[in-house]
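Following: one structure in structure tokens, then a few remarks.
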Protein chains: 2
Amino acid sequence: MAVGRKKIFNEEVALKAAMEVFWEKGYIGASIAELTQRMGINKPSMYSTFGNKEALFILASKLYAKSKIECLSAALNQADLPLKQRLKTYMMSIVAVQCESETTKGCYLVQCQTEVASGDIPAEASQLLNNTVDYVQKLLEAILSNDQESKRLGFDKEAKVKAFCLSVTLRGTATMARCGHPKSELEAVIDHSLRGIGFE
Amino acid sequence: MAVGRKKIFNEEVALKAAMEVFWEKGYIGASIAELTQRMGINKPSMYSTFGNKEALFILASKLYAKSKIECLSAALNQADLPLKQRLKTYMMSIVAVQCESETTKGCYLVQCQTEVASGDIPAEASQLLNNTVDYVQKLLEAILSNDQESKRLGFDKEAKVKAFCLSVTLRGTATMARCGHPKSELEAVIDHSLRGIGFE
DNA sequence: TATCAAATGTACCGATCGGTACAGTATTAT
DNA sequence: ATAATACTGTACCGATCGGTACATTTGATA
């Protein structure tokens with residue numbers, strides 16, 4: 001058994017709170033003071049548990065990727081549903097995440113990636129953000145390349161550019177969600193976007 | 001004639017330099033130190049000429065709106081060209097601005113609007129940013145509502161939602177441009193987007 | 001040439017940034 | 001009980017933030 005005084009907080013709960021702050025404020029905008037306050041711990045506890053701001057950010061980003069993005073992928077492979085419907089369900093599930101908060105937040109990744117271009121985010125964290133954003137696009141591309149229905153429609157030949165278009169749309173909805181536009185308004189955009197790559 | 005020592009710098013040149021910095025770094029990310037350095041002046045000159053950071057930001061934002069956005073509107077009203085072509089030319093001219101820099105910047109407005117949601121930008125400046133972003137969408141909506149060809153196609157009945165879709169696309173391309181995607185890659189997205197609202 | 005307004009450069013202000021030293025307190029092992 | 005260990009709280013570090021006081025320099029006016 002571990003010796004010494006027990007931690008008074010739960011690491012997972014604290015990390016989730018940190019993720020929320022980074023989501024709202026970005027990497028630079030999230031101060032250690034606000035982070036620790038919202039995490040319910042004080043600075044030495046944060047530093048001893050998570051290392052430093054960058055390490056905390058990397059953990060928070062991984063948590064976002066896992067709990068808010070990667071877990072949605074299954075919708076794309078529901079074998080019995082038409083491709084269009086699977087894509088719409090998947091994209092709308094991402095939009096739902098963008099709109100889920102009362103304090104409008106958009107997408108953690110899109111939010112923080114704008115800071116990458118500013119040179120404000122350390123290299124390792126930048127890489128992680130880029131990889132996760134890429135993950136969605138690659139996933140869409142893979143479906144459009146390999147799905148039977150997609151091949152039948154001839155979409156596999158333009159899978160890359162079509163996936164890119166859908167990805168652009170999702171980034172656009174992320175910025176809109178951050179400005180307070182509700183899911184209901186963004187649904188029409190997804191519909192039009194799917195039409196744009198050739199559905200109907 | 002004005003009495004006293006002459007200004008050693010040109011206000012317009014300095015303001016343009018400030019706009020570039022805000023464009024790259026956003027409002028919070030642009031420090032007074034970097035701003036004054038890139039403007040080629042020192043802090044007291046900046047404060048005596050422009051007031052403070054917020055006032056400088058408002059002037060820089062107005063300059064961006066005028067010199068990078070509003071001046072592009074004419075392309076939409078080139079009477080002899082088909083609507084689709086006018087829309088594409090207009091949207092691509094905005095994409096060109098998003099991609100114009102060697103240090104990739106995306107869109108000043110989209111960049112800074114994400115900071116509005118963080119509560120980092122003073123009220124007056126927020127309002128200005130929102131208005132300018134709204135300007136593009138309203139412009140698209142007006143064309144789709146009133147243009148003869150648009151009416152013939154029946155687009156005027158859904159002008160609002162179609163304009164919103166195009167606006168989302170342009171915000172998406174802005175975030176892509178900021179990540180280094182070139183204009184050539186984004187052109188296909190504009191084409192698909194126009195297809196999505198009913199062209200072809 | 002003397003005067004005076006305006007711009008400049010330096011040096012500083014308090015507040016906040018990310019990060020840490022250290023004393024105090026709780027917990028387990030001996 | 002006592003020692004060893006790990007977490008907590010306070011108080012601080014140097015660096016940077018936006019902003020300013022002030023002495024100096026410049027140049028037009030009188």
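Chain identifiers are assigned alphabetically (A, B, ...) following the order of the sequence lines, protein sequences preceding nucleic acid strands; residue numbering begins at 1 within each chain. Computed from heavy atoms alone, side chains included, the values below leave out hydrogens, waters and symmetry copies.
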- Take the protein atom CD of B:Glu11 and the nucleotide atom P of C:dA6, then report the distance between them rounded to whole Å. 14 Å
- Expressed in angstrom and rounded to an integer, what is the separation of B:Asn10 atom CG from C:dT8 atom C1'? 17 Å
- Message: Side-chain N or O of B:Lys7 versus OP1/OP2 of C:dA7: is the shortest distance under 4.0 Å?
- Response: yes
- Query: Is B:Lys138 atom NZ crowded by more than 12 heavy atoms from other residues, nucleotides or ligands, each under 6.0 Å away?
  - Reply: no
- Task: Look at all strands and tell whether A:Ile41 reaches a base, only sugar-phosphate, or nothing, counting heavy atoms closer than 4.0 Å.
- Result: nothing
- Any donor-acceptor pair under 3.5 Å between the side chain of A:Arg5 and the base of C:dT25? yes
- Going by the ring-ring contact (aromatic ring centres under 6.0 Å, His included) test, which pairs reach into residues 124-156 of chain B, not counting sequence neighbours? B:Phe155-B:Phe199
- Task: Could you tell me the separation between the CZ atom of A:Phe50 and the P atom of D:dC7, rounded to a whole number of Å?
- Result: 12 Å
- Assign each of B:Phe9 and B:Gly4 to its nearest nucleotide of DNA chain C by heavy atoms, then name whichever residue's nucleotide is nearer the 5' end. B:Gly4
- Message: From CG of B:Asn42 over to P of D:dT24, roughly how many Å is that when rounded to an integer?
- Response: 17 Å
- Message: Over 60° means perpendicular and under 30° means parallel, so tell me whether A:Tyr108 and A:Tyr64 are parallel, tilted or perpendicular.
- Response: parallel
- Query: Just to confirm, is there a sub-4.0 Å distance from OP1 or OP2 of D:dC7 to any side-chain nitrogen or oxygen of A:Ser45?
  - Reply: no
- Below 4.5 Å, heavy atoms only, C-beta onward: do A:Met46 and A:Leu35 meet side chain to side chain? no
- Message: Per the salt bridge (Lys or Arg N to Asp or Glu O under 4.0 Å) rule, what does the pair list look like for residues 182-199 of chain A, sequence neighbours excluded?
- Response: A:Lys88-A:Glu187, A:Lys88-A:Asp191
Identify all pairs in which a protein N or O lies below 3.5 Å from an N or O of nucleotides 16-22 of chain D, and state each distance.
{"from": "D:dG18", "atom 1": "OP1", "to": "B:Ala30", "atom 2": "O", "distance (Å)": "3.4"}
{"from": "D:dG18", "atom 1": "OP1", "to": "B:Lys53", "atom 2": "NZ", "distance (Å)": "2.7"}
{"from": "D:dG18", "atom 1": "OP2", "to": "B:Ile32", "atom 2": "N", "distance (Å)": "2.7"}
{"from": "D:dG19", "atom 1": "OP2", "to": "B:Tyr47", "atom 2": "OH", "distance (Å)": "2.9"}
{"from": "D:dG19", "atom 1": "OP2", "to": "B:Lys53", "atom 2": "N", "distance (Å)": "3.1"}
{"from": "D:dG19", "atom 1": "O5'", "to": "B:Tyr47", "atom 2": "OH", "distance (Å)": "3.3"}
{"from": "D:dG19", "atom 1": "N7", "to": "B:Lys43", "atom 2": "NZ", "distance (Å)": "3.0"}
{"from": "D:dG19", "atom 1": "O6", "to": "B:Lys43", "atom 2": "NZ", "distance (Å)": "2.2"}

- With a 6.0 Å cut-off on ring centres, are A:Phe164 and B:His181 close enough? yes
